[in-house]
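A short worksheet on the structure shown next.
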Amino acid sequence: MKLDSIKVGKTYVLKNGLLRRLEKLEVREGRLDAGYVPIDRKGNEGDFRWSKAVTFAVSVLGEAKALI
């Protein structure tokens, strides 16, 4: 996906089939970072993590329409 098309609060599907819920888009240390919560195949949420926003957008296939 394009970086400008991802939105905070939405859940996205990655290329490996896992889910990530985007919690924050924030400028940290001079770059745009994405704060997300990983969700496993059973629906359990993991700990909050940070990633580069560009990396997050590239790995995302699309918005998840239904959760487990």
Side-chain angles (χ1 to χ4, degrees):
M1 289 183 76
K2 294 182 182 177
L3 180 60
D4 57 349
S5 64
I6 61 173
K7 296 186 178 13
V8 174
K10 304 277 184 177
T11 303
Y12 295 97
V13 179
L14 299 182
K15 292 177 182 176
N16 60 6
L18 298 178
L19 299 174
R20 302 283 188 261
R21 187 176 61 244
L22 185 61
E23 296 287 331
K24 293 182 183 181
L25 281 175
E26 189 175 296
V27 175
R28 296 177 13 157
E29 300 175 7
R31 68 173 187 242
L32 185 62
D33 287 345
Y36 66 90
V37 175
I39 303 170
D40 67 10
R41 296 183 197 284
K42 294 180 182 178
N44 300 320
E45 294 184 1
D47 293 333
F48 183 82
R49 297 182 184 181
W50 288 100
S51 170
K52 289 187 211 173
V54 173
T55 305
F56 183 86
V58 167
S59 63
V60 167
L61 288 179
E63 184 179 337
K65 299 297 180 188
L67 294 179
I68 299 168

_Atom pair CG/CZ of L32 and R28 - distance to nearest 0.5 Å_ = 11.0 Å
Donor-acceptor contacts under 3.5 Å from residues 47-61 side chains, at least two apart:
residue: S59; atom: OG; partner: T55; partner atom: O; Å: 3.2
residue: S59; atom: OG; partner: F56; partner atom: O; Å: 3.0

*Determine yes or no for a side-chain-to-main-chain donor-acceptor pair under 3.5 angstrom, with Y12 supplying the side chain and K7 the backbone.*
yes
*Apply salt bridge (Lys or Arg N to Asp or Glu O under 4.0 Å) to K10 and list each qualifying residue two or more places apart in sequence or on a separate chain.*
E63
*Not counting sequence neighbours, which residues clear salt bridge (Lys or Arg N to Asp or Glu O under 4.0 Å) with E26? List them please.*
none
_Please find the pair of heavy atoms, one from A64 and one from L19, that lie closest to each other, and give the distance._
CB-CD2, 3.9 Å
*Kindly indicate whether the side chain of Y36, heavy atoms from C-beta on, has any atom under 4.5 Å from the side chain of R20.*
yes
*From T11 atom OG1 to L22 atom CG, the distance as rounded to the nearest 0.5 Å*: 9.0 Å
*Using the test side chain to side chain contact (heavy atoms under 4.5 Å, CB included), find all partners of N16 that sit at least two apart in sequence or belong to another chain.*
L14, L18
